[in-house]
Amino acid sequence: MDEQALLGLNPNADSDFRQRALAYFEQLKISPDAWQVCAEALAQRTYSDDHVKFFCFQVLEHQVKYKYSELTTVQQQLIRETLISWLQAQMLNPQPEKTFIRNKAAQVFALLFVTEYLTKWPKFFFDILSVVDLNPRGVDLYLRILMAIDSELVDRDVVHTSEEARRNTLIKDTMREQCIPNLVESWYQILQSYQYTNSEVTCQCLEVVGAYVSWIDLSLIANDRFINMLLGHMSIEVLREEACDCLFEVVNKGMDPVDKMKLVESLCQVLQSAGFFSIDQEEDVDFLARFSKLVNGMGQSLIVSWSKLIKNGDIKNAQEALQAIETKVALMLQLLIHEDDDISSNIIGFCYDYLHILKQLTVLSDQQKANVEAIMLAVMKKLTYDEEYNFENEGEDEAMFVEYRKQLKLLLDRLAQVSPELLLASVRRVFSSTLQNWQTTRFMEVEVAIRLLYMLAEALPVSHGAHFSGDVSKASALQDMMRTLVTSGVSSYQHTSVTLEFFETIVRYEKFFTVEPQHIPCVLMAFLDHRGLRHSSAKVRSRTAYLFSRFVKSLNKQMNPFIEDILNRIQDLLELSPPENGHQSLLSSDDQLFIYETAGVLIVNSEYPAERKQALMRNLLTPLMEKFKILLEKLMLAQDEERQTSLADCLNHAVGFASRTSKAFSNKQTVKQCGCSEVYLDCLQTFLPALSCPLQKDILRSGVRTFLHRMIICLEEEVLPFIPSASEHMLKDCEAKDLQEFIPLINQITAKFKIQVSPFLQQMFMPLLHAIFEVLLRPAEENDQSAALEKQMLRRSYFAFLQTVTGSGMSEVIANQGAENVERVLVTVIQGAVEYPDPIAQKTCFIILSKLVELWGGKDGPVGFADFVYKHIVPACFLAPLKQTFDLADAQTVLALSECAVTLKTIHLKRGPECVQYLQQEYLPSLQVAPEIIQEFCQALQQPDAKVFKNYLKVFFQRAKP
């Protein structure tokens with residue numbers, strides 16, 4: 001072997017050596033006999049370096065996995081012998097191999113096993129067992145090999161081909177017949193031999209039993225001698241977690257419901273008499289988390305048995321199963337309420353399913369009602385934040401608690417289905433007592449009280465948030481709690497979690513304020529002062545900005561008396577903070593977008609006359625325009641790149657804010673009706689010069705483009721005079737991405753104004769196309785993925801543009817470009833349909849071709865178009881689907897084929913019998929299609945039902961492709 005290259009296997013080697021080692025590995029993988037060198041090195045223990053040994057196993061692994069069938073019988077025999085002699089050597093080694101080498105060796109054994117067990121090596125396990133016997137090193141490797149085999153055969157995370165899946169099923173069936181009882185016996189011997197002396201091997205063996213139990217005969221494990229041993233392990237500290245997991249797998253195994261019930265009950269009896277149900281005596285939380293998972297498994301198994309028995313009509317046994325479930329509830333509650341969230345989280349499944357049973361029972365016993373109440377109290381307690389929760393810097397622990405809270409929410413929703421009245425009463429009790437004394441209560445209790453009120457909104461479902469109408473007792477309870485929330489002064493509580501929960505709940509129940517509007521002023525003040533938008537925490541300010549905009553939008557009818565007051569109070573929050581003034585503004589630019597939108601909504605939905613609305617809108621937007629002009633001048637003079645970027649960002653924010661105010665307009669309240677056209681036209685005139693700024697083009701253009709999109713919707717045809725010069729600027733020195741983003745703007749104008757913009761489109765059609773072709777023809781590196789993707793997206797945008805033009809009845813825009821240009825455009829569409837393996841673009845191209853045939857394909861179409869149809873469009877309909885890259889199993893491709901069928905149908909519709917004659921006598925014979933298939937094809941094409949032809953075309957091409 002190349003000793004120099006092997007030096008690079010050491011993780012501390014320098015990069016040149018490492019590169020050389022990688023290249024050497026690739027070379028050995030390709031070489032037909034390099035594996036033999038590696039096999040020999042392993043068998044004869046030539047190398048002591050761990051990384052070299054691992055490397056040799058990797059080469060063998062590659063050989064067995066990908067090239068095994070190429071080996072001769074003698075060579076295959078050599079690999080088997082190498083592995084066995086390596087295994088024998090492990091018994092004698094003074095030191096065991098490193099774990100990573102043992103795991104890799106086990107993988108190679110497992111790969112060889114799945115390849116050879118059914119044919120060449122039926123005695124695989126017997127050979128290995130005869131080598132390892134009960135030697136601890138050997139046993140360790142034997143167990144690792146078993147785990148590797150299990151993951152090859154049954155690991156659900158590994159994607160198997162149908163062929164592999166069939167092979168795996170056959171292997172498992174053969175193992176069940178031939179060797180599983182022997183393997184189980186070997187496990188029993190290992191456990192018995194090592195349970196007190198070698199915890200590592202014992203735990204490994206328990207893991208193997210747990211893994212295999214899911215697919216072997218359960219009676220081999222679920223019998224007295226095995227279960228008693230496992231239960232014995234539950235009392236040995238170093239084994240009990242693994243024993244717990246093993247019992248969990250036993251309990252989880254699918255089986256007859258009555259047998260399962262008996263198994264679980266007998267296990268529970270033993271565990272209970274051994275004192276495992278006394279949770280409060282146990283201090284080891286890691287063990288309790290596993291034990292909780294086991295109890296969860298037992299509970300859920302009993303519930304599955306109960307469901308099956310009910311379904312089968314076996315009422316007597318179902319009753320027994322329910323009794324068994326009920327006796328576990330006390331234990332479940334102890335685990336659910338445990339202060340460790342992992343222990344609690346592991347039992348939630350059982351709890352959830354138990355509530356599902358109660359939901360199905362017509363009458364609940366007193367005990368069951370008490371259980372429901374106990375679960376409810378447990379959920380309320382466990383929803384509470386603990387002291388350690390870090391609100392300012394949330395890490396992994398915090399994320400886990402947030403996930404755990406989501407699980408508890410599901411329980412709460414389920415409780416609401418079992419007993420909505422009880423839930424409402426419980427929440428009301430907790431809420432009222434907490435808010436009465438909120439000043440002296442810890443933040444987590446105040447937060448959870450408000451949180452519970454918030455959660456009721458989803459737990460007690462109503463349509464369209466109508467919580468305050470309908471069921472009188474429920475409505476009045478919620479109304480009371482909301483009134484308390486708003487009037488108690490709890491919005492002043494000095495903790496971010498309480499403040500946020502307060503605002504979230506206010507917005508969740510905004511309909512309350514239509515019933516009791518007298519509370520709106522004090523809530524508005526909370527939003528606008530130090531409790532909300534001016535809070536000391538940026539997180540609270542940010543969230544409040546969003547919630548405030550939702551609050552104002554949903555209550556716009558009630559806002560009229562407060563509009564001017566609100567606008568005055570938010571004045572300072574609307575300031576565009578330029579990069580140089582250094583002071584940190586209260587809100588980020590993203591948060592300011594919500595404030596601008598809110599201001600727009602207040603003005604537009606007010607009951608003021610149009611001139612007042614216009615004056616307010618002008619007050620809102622004029623400062624932005626003035627700042628914009630100053631900043632644009634500064635940008636033109638800026639030298640430093642960093643300063644240019646920050647100025648461009650600031651300009652972009654100004655345009656974004658103006659755009660956002662326009663979201664307030666609607667069909668009922670248009671810009672015109674509100675008298676605001678002039679203000680927005682002024683904005684356009686202010687912003688458009690930024691397009692000709694040579695600096696920071698990307699940032700500026702994207703902002704102005706978005707504003708234009710909004711104005712096309714809001715200002716309608718008033719925007720048209722600005723479009724030509726804006727387009728001209730945007731087409732100057734552009735990249736693929738610029739064009740890709742510019743085309744949707746032109747599409748929007750074309751689709752909206754159609755004939756009105758025809759002159760403009762005719763004038764800019766070729767300049768736009770030249771810009772697109774210029775970018776598409778630029779040479780790029782062969783393996784530059786991002787450039788290839790950009791070109792693909794640009795091609796799609798180009799075809800989408802042609803589709804919009806033809807689809808908006810504007811085909812004369814293309815027709816008036818002169819014969820040569822028209823042909824060039826048509827050829828690109830044919831290329832798009834046939835040559836690029838992009839089904840999305842192909843589909844668009846066929847839509848364009850269908851449309852053009854429909855418009856120009858008749859007798860009075862443009863000169864030469866009929867020729868083009870037969871020379872290019874008809875062939876495209878065959879050449880595209882015949883390509884190897886046209887994958888008929890792919891959904892997008894099938895859509896492209898469907899449009900191809902429409903194109904052929906349209907040609908037939910427009911050209912009639914002449915088209916059929918051309919296919920029959922010229923085109924299809926040139927493709928060597930058999931006469932009877934040609935006949936069949938032409939009949940399908942002439943069917944009046946287009947769907948019949950679409951289905952036929954798919955079959956036609958499936959047959960035609962090898």
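Only heavy atoms go into these numbers, but all of them, side chains included; no hydrogens, no water, no symmetry mates. Everything quoted here is computed from the prediction, not taken from an experiment. Along the sequence shown, residues are numbered consecutively beginning with 1.
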Determine, step by step, whether M147 and L143 satisfy the side chain to side chain contact (heavy atoms under 4.5 Å, CB included) criterion, reporting the C-alpha distance in whole Å, the side-chain angles of both residues, the deciding distance to 0.1 Å, and the verdict.
-> CA-CA 6 Å; M147 285 310 290; L143 295 170; 5.9 Å; no
For the pair F248 and F291, evaluate ring-ring contact (aromatic ring centres under 6.0 Å, His included) and give the outcome as yes or no after the intermediate values.
-> CA-CA 9 Å; F248 170 78; F291 181 67; over 10 Å; no
Could you go step by step and tell me if L411 and C351 meet the side chain to side chain contact (heavy atoms under 4.5 Å, CB included) rule?
-> CA-CA 8 Å; L411 272 186; C351 199; 4.0 Å; yes
Candidate pair V132 and L141, rule side chain to side chain contact (heavy atoms under 4.5 Å, CB included), full reasoning = CA-CA 8 Å; V132 303; L141 281 159; 5.6 Å; no
Test side-chain hydrogen bond (donor to acceptor under 3.5 Å, both in side chains) applied to T384 and E445, step by step = CA-CA 7 Å; T384 314; E445 287 162 37; over 6 Å; no
Evaluation steps, side chain to side chain contact (heavy atoms under 4.5 Å, CB included), between S344 and Y404 | CA-CA 9 Å; S344 171; Y404 170 63; 2.5 Å; yes
Verdict with supporting geometry, Q367 and N371, side-chain hydrogen bond (donor to acceptor under 3.5 Å, both in side chains) = CA-CA 6 Å; Q367 182 57 54; N371 291 344; 3.0 Å; yes
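Atoms CG and CG, from L271 and L294 in turn, are 6.5 Å apart once rounded to the nearest 0.5 Å. Note that the CG atom of L358 and the CG atom of L364 stand 5.5 Å from one another [nearest 0.5 Å]. Atom CG in L331 sits 5.0 Å away from atom CD1 in I279 (nearest 0.5 Å). Atom CG in L183 sits 10.5 Å away from atom CD in E185 (nearest 0.5 Å). The CG atom of N296 sits 9.0 Å away from atom CD1 of I348, with the distance rounded to the nearest 0.5 Å. Of the inter-residue distances, the one linking I347 atom CD1 with Q300 atom CD reads 8.5 Å to the nearest 0.5 angstrom.
Ring geometry, H495 versus F443: the interplanar angle falls under 30°, so the pair is classed parallel (tilted spans 30 to 60°).
The list of ring pair (Phe, Tyr, Trp, His ring centres under 6.0 Å) pairs with a residue in residues 125-171, not counting sequence neighbours, reads F113-F125. For residues 335-358, no residue pair satisfies the ring pair (Phe, Tyr, Trp, His ring centres under 6.0 Å) rule, not counting sequence neighbours. Applying the salt bridge (charged side-chain N to carboxylate O under 4.0 Å, His left out) definition to pairs two or more places apart or across chains, those involving residues 252-266 are E265-K328.
Judged as a ring-ring contact (aromatic ring centres under 6.0 Å, His included), and not counting sequence neighbours, the contacts of F54 are F100. In this structure, Y454 has no ring-ring contact (aromatic ring centres under 6.0 Å, His included) partners at least two apart in sequence or on a different chain.
Without hydrogens or angle criteria, N198 side chain to Y194 main chain gives no donor-acceptor distance under 3.5 Å. Formation of a donor-acceptor pair under 3.5 Å by the S292 side chain with backbone atoms of L335 is not found in this model. Remark: the backbone N or O of N135 is not paired with any side-chain donor or acceptor of D133 at under 3.5 angstrom. The main-chain N or O of L220 is found under 3.5 Å from a side-chain atom of N223 such that the two form a donor-acceptor pair. Here the side chain of D150 pairs no donor or acceptor atom with the backbone of L153 at under 3.5 angstrom.
Under a 4.0 Å N-O distance rule, the pair R543/E504 qualifies as a salt bridge. Under a 4.0 Å N-O distance rule, the pair R405/E447 qualifies as a salt bridge. A salt bridge does not link R137 to D140: none of the charged side-chain nitrogens sits closer than 4.0 Å to a carboxylate oxygen. Between E458 and K409 there is a salt bridge, with a side-chain nitrogen of the basic residue lying less than 4.0 Å from a carboxylate oxygen of the acidic one. For the pair E339 and K382, the salt-bridge criterion is not met [side-chain N within less than 4.0 Å of a carboxylate O]. Using a cut-off of 4.0 Å between Lys/Arg side-chain N and Asp/Glu carboxylate O, R240 and D284 are scored as salt-bridged. A salt bridge between E97 and R102 is absent, with no side-chain N of the basic residue lying under 4.0 Å from a carboxylate O of the acidic one. We find that E207 and R144 are not joined by a salt bridge, their nearest charged nitrogen and carboxylate oxygen being 4.0 Å or further apart. A salt bridge is absent between E164 and K65: the closest approach of a Lys/Arg side-chain nitrogen to an acidic carboxylate oxygen does not fall below 4.0 angstrom.
Closest approach of C203 to V238, counting heavy atoms only: SG-O, 3.5 Å. Here the closest heavy-atom approach between residue L230 and residue A243 is recorded as O-CB, 3.9 Å. Contact record, Q90 with N93: OE1-ND2, 3.3 Å, taken as the closest heavy-atom pair. D341 and F401 make their closest contact through OD2-CD1, 3.4 Å (heavy atoms, listed as atom of the first residue, atom of the second, distance). Here the shortest heavy-atom pairing between F391 and K539 reads O-NZ, 3.7 Å. Between L206 and C246, the shortest heavy-atom contact is O-SG, 3.6 Å.
In this structure the side chain of L231 reaches within 4.5 angstrom of the side chain of L267, judged on heavy atoms. Side-chain contact check for I149 versus F124: some heavy-atom pair is nearer than 4.5 Å. Annotation: side chain of Q88 is in contact with side chain of I84 (closest heavy-atom distance under 4.5 Å). At least one side-chain heavy atom of Y389 sits under 4.5 Å from a side-chain heavy atom of E398.
More than 12 non-hydrogen atoms from other residues, nucleotides or ligands lie less than 6.0 angstrom from CD of E394. Within 6.0 Å of CD on Q360 lie more than 12 heavy atoms contributed by other residues, nucleotides or ligands. With a 6.0 Å radius and a threshold of 12 heavy atoms from other residues, nucleotides or ligands, M400 has its CE atom at or below the threshold.
One side chain, D314 or N317, offers a donor N or O that lies under 3.5 Å from an acceptor on the other. Residues Q368 and E326 have side chains that bring a donor and an acceptor to within less than 3.5 angstrom of each other. In this model, no donor atom of one side chain and acceptor atom of the other lie less than 3.5 Å apart for Q319 and K316.
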Quick one: side chains of residues 422-429, donor-acceptor pairs under 3.5 Å with protein atoms, not counting sequence neighbours, listed by atom name and distance.
residue	atom	partner	partner atom	Å
S426	OG	L422	O	2.8
R428	NH2	D480	OD2	2.5

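Ring to ring, W187 and Y212 are close: their centroids are under 6.0 angstrom apart.
Put simply, the residue from D245, D342, N346 that forms a side chain to side chain donor-acceptor pair (under 3.5 Å) with R290 is D245. Paired with S345 under the rule side chain to side chain donor-acceptor pair (under 3.5 Å), one option of E403, K293, Q407 passes, and it is Q407.
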